[in-house]
Amino acid sequence: MKLITCGLPYANGKAHIGHLRTYVPADVYVKYLRMLGEDVVFVCGSDCHGTPIVVNAEKEGLEPKGLVDIYHEHFQKVFSEIDIDFDYFGRTDAEYHHHRTQDLVRRLMENGYIYPKEIELAYCPNCNRFLPDRYVEGICPYCGAEARGDECDQGCGRHLEPGEILQPRCKICGSKAVYKKQTHYFFKLTEFKDFLIDFLSNLRGTENALNYAKQWVSAELKDWCITRNLEWGVKFPGEDLVVYVWVDAPIGYISFTEKACEKIGKKWEEIWMAEKKTSEIIHFIGLDIVYHHCIFWPAMLKGSGYSLPDAIVASGMVKVEGKTFSKTRGYVVWLEDDYLASNLNTDFLRYYLVNYTSHQKDLNFSWEIFGDKVNNELIANLGNFLYRTTYFVWKNIGDGEKAELNGFATPETIKMIEETINKIKSSLEVWEFKALSDAIMELSSYGNNTFQHSKPWELIKSDLDSAKKVLADCLQIAKALVILCYPILPKTMRRLSKVFGFDVERSKIEDSLKVEDFTIYKPVIPFQKIEKEKIEELEKIMMERIKKAISEERGETKPDEEEIKEEIKEGGTMSETKDVSSSEKNVVSFEEFKKLDLRIGKIIKAEKIEKSKKLMRLEIDIGDEVRQVVAGIAEEYKAEELIGKLVPVLVNMKPAKLMGVESRGMILAVDVNGKPILLHPDKDVKAGSIIR
RNA sequence: GCCGAGGUAGCCUAGCUGGUGGGGCGACGGACUCAUAAUCCGUAGGUCGCGGGUUCAAAUCCCGCCCUCGGCACCA
């Protein structure tokens with residue numbers, strides 16, 4: 001038995017193309033395994049806990065559950081329309097999931113892997129409560145950017161542990177938060193280091209995932225705070241706390257498997273209980289959650305006696321129109337509002353996602369390429385062959401109802417199909433769905449070739465027997481294609497299998513090799529071609545969204561269409577192209593220059609920042625005030641020699657924090673191979689003198 | 001800066017135990033008409049990121065460098 005899972009969608013926003021980048025290949029994989037006779041369980045579900053959901057629900061005037069209901073239903077609907085057929089699509093706020101989570105946590109406690117520790121947490125005196133990570137805003141201790149309590153989302157992107165953030169403020173009322181002590185619980189991740197190194201060396205999956213994970217484990221591991229102050233979530237046993245959402249979310253793989261097995265009559269213990277395990281566990285995830293699946297998750301499972309995953313398959317990132325996927329910047333394709341609303345065949349999208357590039361690589365989604373691929377590959381090659389073959393037989397051999405062809409395929413044809421099947425099998429082993437679908441398209445091409453060169457339209461007039469021979473070969477290929485394409489194009493192939501008088505959903509791969517007589521019922525046109533206008537319409541929708549996002553970002557000027565097209569062509573974001581050098585554009589207007597507040601400052605105090613290699617804390621007199629500036633010059637200059645020196649200062653530099661020290665301004669220096677050389681005015685001038 | 005993954009015709013890619021660089025899409029020309037102007041045949045298009053080296057022979061091995069993407073790090 002094999003268990004296949006997909007990373008859980010967070011029930012806080014709508015489904016977009018990024019989700020499908022993982023789910024479609026996983027579904028394709030599952031459908032092939034089933035056709036190959038494997039016993040498969042396929043599960044997924046909504047990730048329902050965590051602060052963002054609580055915050056958003058509050059914003060919408062809903063209970064968390066109410067918000068989750070909306071998105072849970074949305075995801076289910078979208079997945080079923082796109083023929084992603086999970087055996088069970090659960091939700092982590094369900095009772096059975098809480099039960100499983102608590103069981104796992106208890107086992108970890110019993111085995112001594114969880115310990116309490118008093119930590120300082122942000123507390124809002126005004127709201128009179130502890131602030132969960134996402135309710136806190138402040139300064140990232142690593143890069144100095146504005147950050148959320150759990151993650152430096154604007155700056156360096158680092159995960160922040162509770163209590164790490166500097167200058168915390170309450171996100172709800174905006175007032176300054178204070179630190180208060182409270183006991184939380186930690187998972188001894190550090191004890192699993194050796195285990196993880198060993199585990200990862202045996203883990204299968206895509207290299208993109210495994211390489212990352214190995215890199216992380218060999219670096220420093222920290223114990224992991226697994227409790228939070230929140231009402232919404234799985235109660236931590238014996239405390240008025242909730243387990244961290246990243247602890248309970250993956251446990252959904254277990255709890256959803258239980259429900260799935262209940263439904264289809266299998267034993268979930270054979271999958272998930274270490275001592276009873278007889279099955280394989282394969283996780284399909286996005287590249288962004290490799291850390292959780294390759295580090296936290298196996299350690300949790302190991303520590304609690306559950307089974308370990310056998311393979312982690314990570315899909316590459318999604319780009320939209322050549323740009324990094326971004327909901328806020330408008331580079332996104334919404335499944336319901338964009339794709340499903342367009343009434344395009346959902347199989348088209350499945351084909352694109354599977355066939356554009358290797359599963360591990362970044363996938364670029366562009367409506368223009370989409371239209372080209374569908375019209376020129378899917379329809380012109382595959383669709384055309386299926387239709388021309390079945391239609392020709394039905395029209396020339398049949399009696400209006402159906403056509404019965406006495407004729408059998410030749411061994412050469414069977415061999416060709418066999419080769420295709422072998423390619424499919426070997427591609428599945430390494431999760432290469434592009435190679436797989438290319439092999440199928442090759443078979444279709446071979447079919448077109450056979451048809452074209454044998455000229456049945458001429459033979460039928462002179463030599464009916466020869467014509468039938470040719471047609472039998474073509475029909476065999478066509479029927480094989482219906483079967484072999486089904487996992488990728490389920491909707492279409494279900495329809496087409498009826499033309500051949502069988503149900504492809506119940507077929508096995510080997511059925512495509514079965515040589516038999518054919519009966520063809522009235523053919524259907526496999527795919528509807530995509531009109532140019534449709535593509536333009538969809539491009540326009542995206543364009544409008546990007547335009548809106550840019551104007552929101554800029555605050556005023558609205559970019560025109562040409563500008564965006566230009567920008568898509570060039571690559572690089574709007575803001576990047578604005579100030580990044582590209583010969584002509586690399587010209588600064590006087591207006592722009594005026595924005596810089598450059599002055600001469602006098603260094604009145606200097607001291608090296610402890611524990612830092614390069615950083616120097618400076619106090620600089622800039623005329624009307626004394627500024628604290630951090631500069632990376634400690635390797636080149638000693639504190640004593642800096643006192644009294646006049647240096648150029650960019651006064652209105654965005655403030656930042658470095659090594660926990662605030663820096664308000666930036667001193668200018670010459671860069672010689674990365675080493676700073678300070679600049680001094682030619683004559684002695686007053687501190688605060690303007691530079692221009 | 002460090003660590004990964006990459007850089008092969010306009011785009012997606014195969015080839016990476018070394019031996020005259022394959023395929024698909026697009027472009028161009030032709031053939032055909034059963035077919036959703038689909039198909040089939042042919043042509044053009046590549047300094048295989050750059051520079052060295054090993055070798056009779058390198059996209060393929062070694063060294064250095066550049067660029068892209070992702071992760072990490074004390075960029076101000």
Side-chain angles (χ1 to χ4, degrees), chain A residues 141-144 155-158 206-216 218-220 287-288 290-291 316-317 319 322 324 355-358 360-364 366 368-369 372-373 375-396 432 434-435 437-439 441-442 444-445 447-461 467 470-471 474 523 525-530 571 609-616 629-635 649-650 653-661 663-669 671 674 676:
Chain A
Y142 300 101
C143 74
C156 64
R158 277 186 73 125
T206 50
E207 281 177 38
N208 55 352
L210 304 182
N211 286 342
Y212 276 126
K214 285 173 187 163
Q215 179 188 333
W216 280 319
S218 55
E220 192 194 8
L287 208 49
D288 51 335
V290 167
Y291 197 97
M317 296 303 199
K319 290 186 169 213
T324 304
N355 186 264
Y356 181 83
T357 191
S358 154
Q360 293 192 48
K361 295 197 178 173
D362 288 356
L363 178 144
N364 179 28
S366 139
E368 194 186 339
I369 300 173
D372 285 348
K373 277 185 85 75
N375 286 343
N376 302 328
E377 297 174 29
L378 210 48
I379 296 179
N381 179 0
L382 178 70
N384 180 238
F385 173 67
L386 293 172
Y387 188 62
R388 78 195 294 202
T389 301
T390 50
Y391 185 76
F392 189 90
V393 171
W394 176 74
K395 189 150 186 223
N396 291 290
E432 280 301 347
K434 172 162 177 63
S437 48
D438 279 347
M441 293 308 277
E442 212 179 300
S444 170
S445 213
N448 268 321
N449 235 292
T450 306
F451 198 104
Q452 191 74 17
H453 290 298
S454 324
K455 302 185 178 168
W457 61 92
E458 278 177 17
L459 286 178
I460 198 95
K461 291 174 196 156
V470 171
L471 292 171
C474 290
I525 291 185
F527 309 103
Q528 219 53 53
K529 205 162 181 170
I530 307 178
I609 293 175
E610 247 184 277
K611 283 194 227 159
S612 87
K613 230 193 291 181
K614 295 183 187 173
L615 297 185
M616 186 82 83
V629 172
V630 177
I633 56 173
E635 280 182 321
V649 181
L650 177 58
M653 184 73 191
K654 191 178 169 192
K657 202 154 232 192
L658 291 157
M659 292 288 285
V661 182
S663 179
R664 295 175 56 229
M666 169 170 151
I667 63 171
L668 304 185
D671 182 332

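Below, read A as the first sequence line, B as the second, and so on, with proteins coming before strands; counting in each chain starts at 1. Because the structure is predicted, anything quoted here is derived from the model rather than measured.
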* When all nucleic acid strands are considered with a 4.0 Å heavy-atom cut-off, which category describes Asn211(A): base, sugar-phosphate, or nothing? -> sugar-phosphate

* Asked: For Lys529(A) and A38(B), is the shortest distance between a side-chain N/O and OP1 or OP2 below 4.0 Å?
  -> yes

* Name the residue closer to the 5' end of RNA chain B, choosing between Tyr356(A) and Thr324(A) according to the nucleotide with the nearest heavy atom. => Tyr356(A)

* **Spacing of the P atoms in C48(B) and G22(B) (rounded, Å)** => 14 Å

* Asked: Looking only at atom C1', what distance separates C66(B) and C50(B), rounded to whole Å?
  -> 7 Å

* Taking CD from Gln452(A) and P from U39(B), how many angstroms apart are they, rounded to a whole number? -> 10 Å

* Can you tell which of U36(B), G26(B), G4(B) lies closest to the side chain of Phe527(A)? -> U36(B)

* Between G46(B) and U8(B), how far apart are the C1' atoms? Round to whole Å, please. => 8 Å

* Asked: Counting side-chain heavy atoms from C-beta on, which of A76(B), U33(B), U36(B) comes nearest to Trp457(A)?
  -> U33(B)

* Asked: Would you say the side chain of Arg388(A) lies within less than 4.5 Å of the side chain of Phe451(A), judging by non-hydrogen atoms?
  -> yes

* Lys319(A) NZ to U68(B) P: how many Å, rounded? -> 12 Å

* Nearest listed nucleotide, side chain of Tyr212(A), among G71(B), G26(B), U39(B) -> G71(B)

* Asked: If pairing requires Watson-Crick or G-U wobble contacts with both distances under 3.5 Å, which nucleotide is the partner of A37(B)?
  -> none

* To do: For residues Lys373(A) and Glu368(A), determine if any side-chain heavy atom of one lies less than 4.5 Å from a side-chain heavy atom of the other.
  => no

* Asked: What nucleotide among C12(B), U36(B), C25(B) has an atom nearest to a side-chain atom of Pro526(A)?
  -> U36(B)

* **Gap between atoms CD and P, on Gln360(A) and C12(B) respectively (whole Å)** => 17 Å

* Across all strands, who's sitting opposite U68(B) as a Watson-Crick or G-U wobble pair, both distances under 3.5 Å? -> A5(B)

* Can you check whether Tyr291(A) and Trp216(A) have ring centres sitting under 6.0 Å from each other? -> yes

* Which is true for Lys361(A) with a 4.0 Å heavy-atom rule: it touches a base, it touches only sugar-phosphate, or it touches nothing? -> sugar-phosphate

* Taking atom C1' in both G52(B) and A58(B), what distance in whole Å separates the two? -> 14 Å

* Asked: Measuring from Phe385(A):CZ to Asn448(A):CG, what's the distance to the nearest 0.5 Å?
  -> 6.5 Å

* **Spacing of Lys395(A) atom NZ relative to U33(B) atom P, expressed in whole Å** => 15 Å

* So what does Phe451(A) hit on the nucleic acid, given a heavy-atom distance under 4.0 Å: a base, only sugar-phosphate, or nothing? -> base

* Structure fact -> Partner of U17(B) under the Watson-Crick or G-U wobble criteria, both distances under 3.5 Å, comes out as none

* To do: Please examine the side chains of Leu459(A) and Val470(A), heavy atoms only from C-beta on, and report whether any two atoms are closer than 4.5 Å.
  => yes

* Among U36(B), C40(B), C34(B), find the nucleotide with the atom closest to the side chain of Asn448(A). => C40(B)

* Please report, rounded to the nearest Å, how far the C1' atom of G23(B) is from the CD atom of Glu432(A). => 16 Å

* Rounded interatomic separation in angstrom, taking CG from Asn364(A) and C1' from C11(B) -> 10 Å

* **Pairwise C1' distance, C72(B) and G18(B) [rounded to whole Å]** => 36 Å

* Pick the nucleotide of RNA chain B nearest each of Ser445(A) and Ile667(A); which residue has the one closer to the 5' end? -> Ser445(A)

* Asked: Whole Å only: how far is the CG atom of Asn376(A) from the C1' atom of U39(B)?
  -> 13 Å

* Asked: Is there a side-chain contact between Ile460(A) and Phe392(A) (heavy atoms, below 4.5 Å)?
  -> yes

* Take atom P in A14(B) and the same atom in A5(B), then report the distance between them in whole Å. => 15 Å

* Glu458(A) side-chain proximity, nearest of C40(B), U33(B), C11(B) -> U33(B)

* Asked: Mind checking the P distance from U60(B) to G6(B)? Whole angstroms is fine.
  -> 15 Å

* To do: Looking only at side-chain atoms of Met666(A), point me to the closest of A76(B), C40(B), U39(B).
  => A76(B)

* Asked: Is Asn449(A) near enough to C41(B) that one of its side-chain N or O atoms lies under 4.0 angstrom from OP1 or OP2?
  -> yes

* Asked: To the side chain of Val629(A), which of U39(B), A76(B), A14(B) is closest?
  -> A76(B)

* Do Asn381(A) and Met441(A) touch side chain to side chain, with heavy atoms closer than 4.5 Å? -> yes

* Within less than 4.0 Å of OP1 or OP2 of C34(B), is there a side-chain N or O belonging to Asn396(A)? -> no

* Asked: Which listed nucleotide (C11(B), A35(B), A38(B)) is nearest to the side chain of Tyr391(A)?
  -> A35(B)

* Asked: Where the side chain of Asn384(A) is concerned, which of U39(B), U33(B), C34(B) is the nearest nucleotide?
  -> U39(B)

* Whole-angstrom distance between C11(B) and G45(B), as gauged at atom C1' -> 13 Å

* **Side chain to side chain, Val630(A) and Met666(A), heavy atoms closer than 4.5 Å** => no

* To do: Return the value, rounded to whole Å, for the distance between atom CG of Asp372(A) and atom P of C12(B).
  => 13 Å

